[in-house]
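Since the structure comes first, as structure tokens, the remarks are kept for the end.
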There are 2 protein chains.
Amino acid sequence: MIEHQNLSEPIYDRLKEMIVSGELKPGEKIVQEKIAELLGVSRTPLMKALLALENDFLLESIPRRGMYVKTLNDKELYDIYVCREALEGMAARILAESNDSKQIAQLKNCFKSFNSENKINSNAYTKADEAFHSLLIKLTGNAPLDKIYFFGSIYEKVINRGLLRPPEETLKEHHSIIKAIEEGDPYLAEKNAREHIQKSRILLLNK
Amino acid sequence: MIEHQNLSEPIYDRLKEMIVSGELKPGEKIVQEKIAELLGVSRTPLMKALLALENDFLLESIPRRGMYVKTLNDKELYDIYVCREALEGMAARILAESNDSKQIAQLKNCFKSFNSENKINSNAYTKADEAFHSLLIKLTGNAPLDKIYFFGSIYEKVINRGLLRPPEETLKEHHSIIKAIEEGDPYLAEKNAREHIQKSRILLLNK
DNA sequence: TTAATGTATTTTGTATACAAAATACAAATA
DNA sequence: TATTTGTATTTTGTATACAAAATACATTAA
């Protein structure tokens, strides 16, 4: 079955899913031949996908030893939140500066189903949360920013440990970020976005 | 010559140098077989290096067409400076928080040879500048931050267009960043670091 | 002359083959 | 028994082989 598309891409997607879902457990070794056979491909395109996943912080490579599913310790998780704070803060600032009503509508749309409800479905909210934070970055139109913001992949892994804070609490904060963007207040937008991440970050310390 | 070390790493280093130095020109296509032969290796380890370089924003891949040396347009360069502003600002804040005299000494050391001199060697200063900004990130001990901060590789490419601002001007700013860190003032350290990048960023707009 | 078409060549994407390092495990030694 | 040593097996790193897509180029038709 030699059919020249980009095999690496579907492999990458599949493996990412397997890692995030826990099908491949943290610390587990990726034995290339086994995974290749499992996915029905050769080691060559698999290797490409593995390298991409390493760059996403989902795999860890020890030269001459192999690739392992990354186990995020508390320090690393904390450090990722530090990066998120800086990057999402900047993203919020940029969006507030451009103050685009279409963009604001998109941001609002993430949480529209939760506004009127009294009881928030935790699973649906987690998805919305992820979409919102990812959208915040995407809407800036800053390609390098989007490239380095690989934390989305890790997000689900974090969530699997249990939501850090109740939706009722974070929903307010999300809206305050959007509101500052809508008011065209870059300083406040950045401040709100940063404080939002910071609150979760601090919780990670006492875990 | 089959000798199992990590060929990919030296290949990566060599290619990075060739790109940064301009031996490989922006927009130039990387013909795998040619480069492989030039470096005396096969396409397999070369491919690994190419993928890493793509992740560093130094190469651009068009599926089924090939890899090309990235041509940074003004918008992308500007966007990179936006990221730098966020990340280096955060780094300066962190260093100010920990307020470690050893770290501060290291930072000062970057510019020690320029303090007493009246005429600054532009070439040496460029190297010092690069070392300083890279060190700022490294000293935080934040691995994800260091991983996403690939801009150092691009730095020289930018500089090749000509220094954005005279050393006399930026040297002061560098010292003001260090000073704020030394005084343990996270807010000021972040502010100074950000303004430092911002000033260069704004210049990029009028180019 | 210009545009279109078909063929040859080049180049990428993938699979496979093989060498050397790493690992597992059994036998030998203390 | 615990530790070392040697051998077999596994697995990675690299090279090569080959198919299909992309490109170059010449030939033909308008």
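Atom set for the values below is all heavy atoms of this structure, side chains included, hydrogens, waters and symmetry mates excluded. Quick note on labels: first sequence line is chain A, next is B, and so on, each numbered from 1.
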Scan residues 43-60 of chain A for pairs that pass side-chain hydrogen bond (donor to acceptor under 3.5 Å, both in side chains), counting only residues two or more places apart or in two chains. A:Tyr12-A:Asp56, A:Gln32-A:Arg43
To the nearest Å, how far apart are [X] [atom1] and [N] [atom2]?
| X | N | atom1 | atom2 | result |
| --- | --- | --- | --- | --- |
| B:Glu37 | C:dT11 | CD | C1' | 14 Å |
| A:Leu46 | C:dA15 | CG | P | 10 Å |
| B:Lys48 | D:dA15 | NZ | C1' | 12 Å |
| B:Met47 | C:dT14 | CE | P | 9 Å |
| B:Glu9 | D:dT12 | CD | C1' | 16 Å |
| A:Glu60 | D:dT12 | CD | P | 15 Å |
| A:Tyr68 | C:dT23 | OH | C1' | 10 Å |
| A:Ile62 | C:dA21 | CD1 | P | 18 Å |

Quick one: which of [options] gets closest to the side chain of [X]?
| X | options | answer |
| --- | --- | --- |
| A:Lys29 | D:dT12, C:dT12, C:dT16 | D:dT12 |
| B:Leu7 | C:dT14, C:dA22, D:dA15 | D:dA15 |
| B:Val41 | D:dA15, C:dT11, C:dT12 | D:dA15 |
| B:Gln32 | C:dT12, D:dT11, D:dA22 | C:dT12 |
| B:Thr44 | C:dT14, D:dA22, D:dA15 | D:dA15 |
| B:Pro45 | C:dT16, D:dA15, D:dT11 | D:dA15 |

N-O pairing of B:Glu169 and B:Lys199 below 4.0 Å: no
Any ion pair linking A:Glu23 and A:Arg14 (charged N to carboxylate O, less than 4.0 Å)? yes
Taking N and O atoms by type only, does the side chain of A:Arg43 place a donor or acceptor under 3.5 Å from a partner on the base of D:dG13? yes
Angle between terminal axes - the helix from C:dT1-D:dA30 to C:dA30-D:dT1, 5 pairs each end, rounded to 10°: 10°
Touch class at under 4.0 angstrom, heavy-atom based, for B:Ile30 against every strand present: sugar-phosphate
Between CD of B:Glu85 and OG of B:Ser200, what distance do you get to the nearest 0.5 Å? 10.5 Å
Of B:Arg65 and A:Glu33, whose nearest nucleotide on DNA chain D comes first from the 5' end? A:Glu33
Counting N and O atoms only, with roles assigned by atom type, does the side chain of B:Asn99 sit under 3.5 Å from a partner on the main chain of B:Ile181, one being a donor and the other an acceptor? yes
With sequence neighbours excluded, tell me which residues meet ring pair (Phe, Tyr, Trp, His ring centres under 6.0 Å) with A:Tyr68. none
Which of these, B:His133, B:Lys179, B:Lys108, sits in a side-chain hydrogen bond (donor to acceptor under 3.5 Å, both in side chains) with B:His174? B:His133
